[in-house]
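Here is the structure we will look at, set down as structure tokens.
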Amino acid sequence: MAPEARIKVFLKTGATALCAGVVVLSSFSLGAEAARRHYRSHHHHPPQLAAAPPRALPYPQLPLPFEIPGAQYLPLAWADVKGWSDDNHLAAYKTFRASCKPINAQTGAAEPKALAGSLSEPCRAAKSLELTDDAKAKTFFEENFAPLRISRLGEPDGFVTGYYEPVLEGSRTQTEVYNVPVYRRPSNLFVRGYKQDSVSLPNKGPVYRKIGRRKLVPYYDRGEIEDGKIAGRGLEIAWLKDPTDLLFAQIQGSARIKFDDGGTVRLNYDAYNGYPYTAVGRVLIERGIIPKEEMSMQKIREWMTQNPDGAKELRRANRAYIFFREVNLSDKEEAVGAQGIPLTAGRSIAVDKSLHVYGTPFFIEGELPIESERSKTPFHRLMIAQDTGSAIIGPARADLFFGAGADAGRVSGRLRHPMHFVMLVPKGLDPSVRGARLPVPDPRPSEKIAKLFPQTDPGKGTAKPATAAGPAETKSDTVAIAGPVPLPAPRPVIEPASEPQRPVKKRPHRQQ
């Protein structure tokens with residue numbers, strides 16, 4: 001077949017494709033440019049341009065560089081971190097290195113959190129650095145981390161409380177004086193997804209009592225346990241004098257019990273009974289018994305000592321109950337946190353484990369009543385997340401660990417204060433650097449342009465413009481709002497004029 005005949009056949013059968021701007025190359029020997037010249041010579045209308053490709057979204061589907069639910073954060077320069085130069089960075093560095101031991105030993109996939117995996121880089125760097133100089137420790141943090149101001153969404157500050165390890169008098173056996181049992185985890189306590197003898201159980205979510213092989217019911221609450229529901233099963237680790245001592249040991253999550261024979265047992269949190277924690281201090285405030293500004297653990301203890309019947313009812317208002325396990329620690333070592341390492345007094349904090357990663361440094365700045373209840377001691381200290389607690393909820397919420405004993409208890413018991421939180425983010429996850437890779441969205445159209453192109457709800461029809469006599473007639477009329485200016489409608493596809501039939505000489509068909 002001659003080239004001209006081939007083109008005519010193509011134009012008759014493939015006019016729609018050509019009008020849409022599609023160039024088809026198959027067995028035709030003539031190129032695309034020759035086809036276009038032939039088309040223009042036989043038609044009055046030029047071919048339509050190809051439809052514009054779909055417009056890219058202003059925000060492509062790219063992962064955000066850094067995201068903590070319910071939080072707002074602002075990258076800072078080190079010079080803008082108030083009190084940063086006044087801290088003991090070497091003490092913070094030693095605590096950070098302690099957290100790096102379990103981080104460096106981790107294997108497998110990292111947990112799905114913002115900092116998961118990114119702490120491994122500064123921890124590898126710290127592994128071989130035995131620093132003894134404060135200036136070098138400060139430089140280490142500045143070279144490996146970026147400061148990020150963080151708080152709950154819509155709030156300017158975070159919030160801190162304090163905790164400690166109580167040192168209590170006790171007995172290995174029950175007596176008339178020591179008759180308050182300290183229980184280990186019962187064997188019939190069950191959490192879905194965990195073995196009953198699992199070393200680590202969650203401190204949130206439902207907990208069940210297993211009856212037989214299949215039946216699960218909610219576990220006993222505090223009142224039922226105090227009334228003896230699990231007594232006599234050999235679960236008693238030790239015995240205390242006062243149920244208030246046990247309550248505070250459960251609130252703190254650890255305790256040291258000293259016996260008459262000079263021995264000591266160290267206890268740590270092991271499990272809970274599945275009920276949400278209710279702060280007894282908040283109950284006293286709501287009932288008008290203790291003013292909010294005077295609230296402290298000492299005030300709670302004084303009131304409970306003076307009101308034994310009211311103390312029993314107040315304890316039971318907190319249905320949560322903590323079970324302990326014995327830990328092999330000397331009196332010189334601090335309590336073990338949820339990360340699995342001994343805490344450091346004045347440097348370890350408990351954070352919300354659902355949002356944060358153990359080992360994360362937080363610089364906490366503000367004023368706290370350290371010296372006395374009325375004092376405002378400047379506090380600017382780099383602390384390391386190494387523990388958690390069921391009452392610690394939020395992105396800028398921390399429980400400061402102050403050590404063991406009565407003095408630590410007095411200081412931590414009066415802390416309920418707003419503070420500035422600066423989170424140290426590893427340089428590999430610096431949001432200011434990674435965020436620069438995200439594309440800038442399209443500029444918002446001006447108000448004048450937005451009025452020319454009112455945006456309407458497709459399901460409610462078009463908007464009715466307001467007339468000179470007044471506004472639109474009904475409430476359902478759409479008000480013009482600033483939004484994206486619509487693209488012009490594509491030109492309609494114009495069918496080419498039919499070509500007049502011409503006689504074609506009959507030729508015998510040939511195989512191509």
Residues passing the ring-ring contact (aromatic ring centres under 6.0 Å, His included) test with Phe362, sequence neighbours excluded, are His356

Exercise: identify the closest heavy-atom pair between [X] and [Y]:
X	Y	result
Pro361	Leu382	CB-CD1, 3.8 Å
Phe141	Leu424	CD2-CD2, 4.1 Å
Ser120	Asn104	O-OD1, 4.2 Å
Leu246	Pro181	CD2-O, 3.6 Å
Val336	Leu343	C-CG, 4.3 Å
Ala396	Ile150	CB-O, 3.7 Å

Would you check if the side chain of [X] reaches a backbone N or O of [Y] as a donor-acceptor pair within less than 3.5 Å?
X	Y	result
Arg381	Gly346	yes
Thr388	Ala350	no
Glu334	Gly403	no
Asn273	Tyr321	yes
Arg315	Gly223	no

Under a 3.5 Å cutoff, is there a donor and acceptor pairing between the side chains of Gln250 and Arg222? yes

Scan side-chain atoms only and decide if Asn188 and Tyr219 contain a donor-acceptor pair under the 3.5 Å cut-off. yes

Atom pair [atom1] ([X]) and [atom2] ([Y]), whose distance is rounded to the nearest 0.5 Å:
X	Y	atom1	atom2	value
Tyr164	Leu400	OH	CG	15.0 Å
Ile290	Glu286	CD1	CD	13.0 Å
Glu169	Phe259	CD	CZ	11.5 Å
Asn203	Asp270	CG	CG	12.0 Å
Ile384	Phe401	CD1	CZ	15.0 Å
Gln174	Glu176	CD	CD	10.0 Å

Do [X] and [Y] have side chains that get closer than 4.5 Å, going by heavy atoms?
X	Y	result
His89	Phe140	no
Leu235	Phe323	no
His380	Trp84	no
Arg192	Pro206	no
Asp245	Val180	no
Gln386	Thr95	yes
Pro243	Lys312	no
Lys299	Leu284	no

Does Tyr183 form a side-chain contact (heavy atoms from CB on, under 4.5 Å) with Glu236? I'd like the steps, not just the answer. CA-CA 5 Å; Tyr183 288 123; Glu236 297 84 0; 3.6 Å; yes

[X], [atom1]: over 12 other non-hydrogen atoms inside 6.0 angstrom:
X	atom1	result
Lys82	NZ	no
Glu333	CD	yes
Arg416	CZ	no
Lys204	NZ	yes
Glu302	CD	yes
Asn328	CG	no

Give a yes or no on whether a salt bridge exists between Arg266 and Glu165, defined as a side-chain N under 4.0 angstrom from a carboxylate O. yes

Salt bridge present between Lys138 and Asp133 (N-O < 4.0 angstrom): no

Residues Leu201, Tyr272; criterion side-chain contact (heavy atoms from CB on, under 4.5 Å); working and verdict: CA-CA 9 Å; Leu201 292 181; Tyr272 88 128; over 6 Å; no

Assess the residue pair Asp399 and Thr161 against the criterion (side-chain hydrogen bond (donor to acceptor under 3.5 Å, both in side chains)); give the C-alpha distance rounded to whole Å, side-chain angles, the decisive distance to 0.1 Å, and a yes or no. CA-CA 5 Å; Asp399 218 4; Thr161 50; 2.6 Å; yes

Chi angles and distances behind the side-chain contact (heavy atoms from CB on, under 4.5 Å) call for Ser99, Gln339: CA-CA 8 Å; Ser99 274; Gln339 194 183 10; 2.7 Å; yes

Which residue pairs pass the side-chain hydrogen bond (donor to acceptor under 3.5 Å, both in side chains) test with at least one member in residues 359-368, sequence neighbours excluded? none

Please test Phe402 against Asp407 for side-chain contact (heavy atoms from CB on, under 4.5 Å), starting from the C-alpha separation and ending with a verdict. CA-CA 9 Å; Phe402 282 91; Asp407 290 340; over 6 Å; no

On the ring face of Tyr220, is Arg209 found with NZ or CZ under 6.0 Å from the centre and within 45° of the axis? yes

Between Phe145 and Phe96, is the ring centroid distance below 6.0 Å? yes

Derivation and outcome, salt bridge (charged side-chain N to carboxylate O under 4.0 Å, His left out), residues Glu143 and Lys427: CA-CA 8 Å; Glu143 289 180 349; Lys427 284 288 182 70; over 6 Å; no

Under the criterion salt bridge (Lys or Arg N to Asp or Glu O under 4.0 Å), which of Arg184, Arg256, Arg172 is the partner of Glu326? Arg184

